[in-house]
2 protein chains.
Amino acid sequence: MRIGELAAEAGVSVRALRYYEEQGLLSSERSAGGQRRYPRDAVEWVRLIQRLYAAGLSSRTIVELMPCVVDGRASPELLDRLAAERDRIDERITDLTDTRHRLDSVITGATTNMLTGWSCQPEDGDEEGDRDGQAQEGRKQPQG
Amino acid sequence: MRIGELAAEAGVSVRALRYYEEQGLLSSERSAGGQRRYPRDAVEWVRLIQRLYAAGLSSRTIVELMPCVVDGRASPELLDRLAAERDRIDERITDLTDTRHRLDSVITGATTNMLTGWSCQPEDGDEEGDRDGQAQEGRKQPQG
DNA sequence: CTAGAACCTGACGTTGACGTCAGAGGCAAG
DNA sequence: CTTGCCTCTGACGTCAACGTCAGGTTCTAG
């Protein structure tokens with residue numbers, strides 16, 4: 001398949017694919033005229049690259065881990081790196097989960113406040129009557 | 001407390017704190033000479049900012065959601081945005097979890113391969129005898 | 001054979017969250 | 001008052017993962 005088709009099917013831009021190749025993440029055959037040709041399963045591979053990017057890995061890291069992912073071959077060194085990345089992802093997950101819960105409690109708190117009812121009008125900077133000083137926990141740092 | 005102390009306790013750089021203020025994320029009193037002074041709980045606030053960054057929120061987004069987080073006050077509009085961000089985080093979490101499992105299976109696969117034993121020498125590009133063509137699933141795209 | 005869509009290689013532009021440097025000023029100790 | 005560390009305000013630099021534009025070539029439908 002050609003680059004445009006691969007881009008469409010994998011959901012990335014043509015530019016991105018050329019960038020991946022430039023970084024050594026993706027290979028291609030060339031037609032007689034010099035155009036890139038990809039096998040079908042390149043789609044899956046590109047999607048995996050995207051996932052790894054989303055997981056916070058850099059191009060360089062992905063390149064280093066590639067032989068392991070592609071062939072299942074790894075030096076002990078590589079295995080350490082892989083495990084390290086996995087652990088990093090774990091950290092991100094727990095962190096995200098925690099943040100998610102914070103956001104959730106903020107949402108429920110604000111919703112409760114809304115339902116308990118006071119006026120919420122945007123586009124109005126100053127209200128002198130700022131009594132009713134409750135806000136569940138401790139308030140933090142507004143703008144100064 | 002002064003900016004250096006806050007930076008140290010919150011685990012960020014002084015530059016970052018000034019940047020947060022520039023973005024409207026953080027406020028400060030000023031001393032007579034113009035130096036920034038922060039209350040104790042600014043540490044917690046800065047840490048929260050970091051968490052939100054790590055969760056993929058931009059400065060602008062955080063600024064927009066601030067009144068809700070700080071005061072527990074929100075317009076329905078704001079609540080929608082909050083919920084949207086929470087859902088986005090959920091997506092990231094499931095995505096990360098999936099990626100984590102992929103990495104894990106890659107690790108176990110490679111470990112098995114290692115223990116089943118073939119030589120893994122870096123710094124050696126060509127080995128003709130590349131038989132034993134097993135690698136758990138389908139192999140993807142090596143370099144060309 | 002020809003039009004036009006898709007592709008090619010550079011090469012510079014963008015964005016966000018800071019890093020870094022310069023030159024000047026504040027602040028606590030001695 | 002001086003020393004030395006901390007802080008200030010600009011302002012330019014950085015890095016990754018692309019976006020975008022220019023100028024030229026290849027491929028395919030008719």
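If you're wondering where the values come from, they're calculated on a predicted model, not measured in any experiment. So that the names make sense, note that chain A is the first sequence line, chain B the second, and so on, each numbered from 1.
Ion pair A:E44/A:R47 flagged as a salt bridge, since at least one NZ, NE, NH1 or NH2 atom sits closer than 4.0 Å to an Asp/Glu carboxylate oxygen. Contact check on A:R81 versus A:E77 returns no salt bridge, with no Lys/Arg side-chain nitrogen under 4.0 Å from an Asp/Glu carboxylate oxygen.
In the set C:dA17, D:dC18, C:dG25, the nucleotide with an atom closest to the side chain of B:S58 is C:dA17. Listed nucleotides: C:dC18, D:dC8, C:dC8. Nearest to the side chain of B:Q50: C:dC18. Nearest nucleotide to the side chain of A:R15, out of C:dA11, D:dC27, C:dC27: C:dA11. For B:R2, whose side chain is taken as the heavy atoms from C-beta onward, the closest listed nucleotide among D:dT7, C:dC18, C:dG26 is D:dT7. Nearest nucleotide to the side chain of A:Q35, out of C:dG26, D:dT26, C:dT9: D:dT26. In this structure, the nucleotide among C:dC18, D:dC8, C:dT9 sitting nearest to the side chain of B:A16 is C:dC18.
Taking only side-chain nitrogens and oxygens, A:Y19 comes nearer than 4.0 Å to OP1 or OP2 of D:dA17. Contact between the side-chain N/O atoms of B:S13 and the OP1/OP2 oxygens of C:dG19 is found at a separation under 4.0 Å.
D:dC27 atom C1' lies 16 Å from atom CZ of A:R36, rounded to whole Å. We find that CZ of A:R30 is positioned 6 Å from P of C:dC8, with the value rounded to whole Å. Regarding B:E5, its CD atom lies at a distance of 18 Å from the P atom of D:dC5, rounded to whole Å. One interatomic measurement links the two molecules: CZ of A:R18 to P of D:dA17, which rounds to 18 Å at whole-angstrom precision. If you measure from atom CG of B:L57 to atom P of C:dT15, you get 20 Å, rounded to the nearest angstrom. At whole-Å resolution of the value, CZ in B:R37 and P in C:dC27 are 6 Å apart. Put simply, CD on B:E21 is 15 Å from C1' on D:dG10, counting in whole angstrom units. Distance B:M1 CE to C:dC27 P: 17 Å, rounded to the nearest Å.
Using a 3.5 Å distance cut-off with no hydrogens or angles, the side chains of B:E21 and B:S28 do pair a donor with an acceptor. Residues A:Y53 and A:S59 have side chains that bring a donor and an acceptor to within less than 3.5 angstrom of each other.
You'll find the side chain of B:R73 stays beyond 4.5 Å of the side chain of A:N113, heavy atoms only.
The nearest heavy atom of DNA chain D to A:G33 and to A:S59 marks one nucleotide each, and the one closer to the 5' end goes with A:S59. Checking A:A32 against A:Y20, the closest nucleotide of DNA chain D that is more toward the 5' end is the one next to A:Y20.
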